[in-house]
Amino acid sequence: MRKTTTLKTMVASAKDRLDDAFEAELLVAYAAGVERSHLYAHPEDCLSLEQVERAHDFIRRRQLGTPIAHLLGQREFYGRVFKVTPNVLIPRPETEGIVDEVHALPLCNQAKVVDVGTGSGCLGLTLAMEYPTWTVCTTDISNEAIEVCQENRLAHRLSNVAIYQGDLLEPLNGQMFDLIVANLPYVAPNDPHLTQGDLPHEPQQALVAEMDGLAVIEKLIAQAPSHLIRPGHLIVEHGFDQQAQIIRRLRQHGFDLIKPVKDLSGKPRLVVASISH
């Protein structure tokens, strides 16, 4: 007769094998098909053989480096859950700072906004939910990313979002916007960070850019003025050592009000730029 495995014993095993107790609980809960809180409320619940095997498989794959977002198939961003696959960048807390900065901008109730290089759509779709009267567009060069964004739009039942496939602002056919937001690739080729953490499992096209990581951001900065209603705004995320160069490029392209922003760890992370003429 097979020995039964309870949630409590499965969680204990997972915590022994993984460095992160929170991740261990998430994986066991997901394998068991319950909320994480259920682990505490009903620790003596027994798992089926299939659930036990699924939990062991998740733990083994996590030990081998598979991102937990890929195992769960989702990641929370700004309090909402978005589907994630290996074809899109995993949403990160630093990018939530863009939404915070948008809240501080003097935009009208019918603002037009575009999220460039949208990936999963977490940023653009979040803005569409935060501001239901806005019109939001998203673009991405990757067909696979566009499919994930479409699934997330459907899951969140959004009717104020249009999705375009193409490079940066090029598929928008001259449309004008009050605000452009972007979390574009900004890691330099051969940066040692690309071999660490979740990065080896994420799409390199969404991470890496030439010119020390600045090529794609600089291309967007050059395109942005011809797509911005005056006054218009641009918010870009960037690497910790890129802010000064990005600010120089913004000034060269006519942006006259520029606000550098640090992330929660105190590192330069965003630039909010406005153009008035």
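Start at 1 with the first residue, then count along the sequence.
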Would you give the length of the straight line joining atom [atom1] of [X] to atom [atom2] of [Y], rounded to the nearest 0.5 angstrom?
X: K83; Y: H156; atom1: NZ; atom2: NE2; result: 12.0 Å
X: E147; Y: D140; atom1: CD; atom2: CG; result: 11.5 Å
X: T95; Y: L270; atom1: OG1; atom2: CG; result: 8.0 Å
X: E218; Y: E210; atom1: CD; atom2: CD; result: 12.5 Å
X: R54; Y: I59; atom1: CZ; atom2: CD1; result: 12.5 Å
X: L125; Y: Q150; atom1: CG; atom2: CD; result: 10.5 Å

*asked:* side chain to side chain donor-acceptor pair (under 3.5 Å), that's the test. Do D115 and T118 meet it? Break it down for me.
replied: CA-CA 6 Å; D115 172 24; T118 192; 2.7 Å; yes
Kindly say whether [Y] contributes a backbone atom to a donor-acceptor pair with the side chain of [X] at under 3.5 angstrom?
X: T66; Y: R62; value: no
X: Q51; Y: A32; value: yes
X: T135; Y: K112; value: no
X: E202; Y: I90; value: yes
X: Q63; Y: R17; value: yes
X: T139; Y: L168; value: yes

[X] versus [Y], closest heavy-atom pair with distance:
X: N152; Y: S120; result: ND2-O, 2.9 Å
X: N160; Y: W134; result: ND2-O, 3.0 Å
X: Q175; Y: C137; result: OE1-SG, 4.0 Å
X: G239; Y: Y186; result: N-CD1, 3.3 Å

Do the side chains of [X] and [Y] join up, straight or via other hydrophobic residues, at under 4.5 Å, putting them in one cluster?
X: F82; Y: V113; answer: yes
X: V148; Y: L123; answer: no
X: V236; Y: I180; answer: yes

When you compare the side chain of [Y] with that of [X], does any pair of heavy atoms fall below 4.5 Å?
X: Q204; Y: V187; answer: no
X: L214; Y: I246; answer: yes
X: V161; Y: T138; answer: yes
X: V116; Y: L220; answer: yes

_Less than 3.5 Å apart, any donor N or O on the side chain of Q243 or H238 sitting next to an acceptor on the other?_
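Result is yes, a qualifying pair exists.
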_Evaluate L72 against L27 for side-chain contact (heavy atoms from CB on, under 4.5 Å), listing each step before the verdict._
CA-CA 7 Å; L72 302 179; L27 291 177; 4.0 Å; yes
*Who are the ring-ring contact (aromatic ring centres under 6.0 Å, His included) partners of H42, not counting sequence neighbours?*
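Only H38 meet the ring-ring contact (aromatic ring centres under 6.0 Å, His included) criterion with H42.
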*Give the C-alpha distance, both sets of side-chain angles, the deciding distance and a yes or no for side-chain contact (heavy atoms from CB on, under 4.5 Å) between H233 and D178.*
CA-CA 6 Å; H233 312 278; D178 299 283; 5.6 Å; no
*Can you check side chain to side chain donor-acceptor pair (under 3.5 Å) on E144 and S142, steps first, answer last?*
CA-CA 5 Å; E144 294 81 5; S142 163; 3.2 Å; yes
*Go through K267 and K262 one step at a time and tell me if the side-chain contact (heavy atoms from CB on, under 4.5 Å) criterion holds.*
CA-CA 5 Å; K267 295 178 181 177; K262 294 181 179 179; over 6 Å; no
_Which residues pass the salt bridge (charged side-chain N to carboxylate O under 4.0 Å, His left out) test with D263, not counting sequence neighbours?_
R269
*asked:* Would you say the ring centers of Y131 and H103 fall short of 6.0 Å from each other?
replied: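 Yes, ring centres under 6.0 Å apart.
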_Lys/Arg-Asp/Glu bridge criterion (N-O < 4.0 Å) met for E170, K219_ =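 Looking at K219 together with E170, the answer is yes, because their closest N to O distance falls below 4.0 Å.
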*Report the C-alpha separation of N109 and T133 in whole Å, then their side-chain angles, then the decisive distance to 0.1 Å, and conclude whether the side chain to side chain donor-acceptor pair (under 3.5 Å) test is met.*
CA-CA 6 Å; N109 289 335; T133 60; 4.8 Å; no
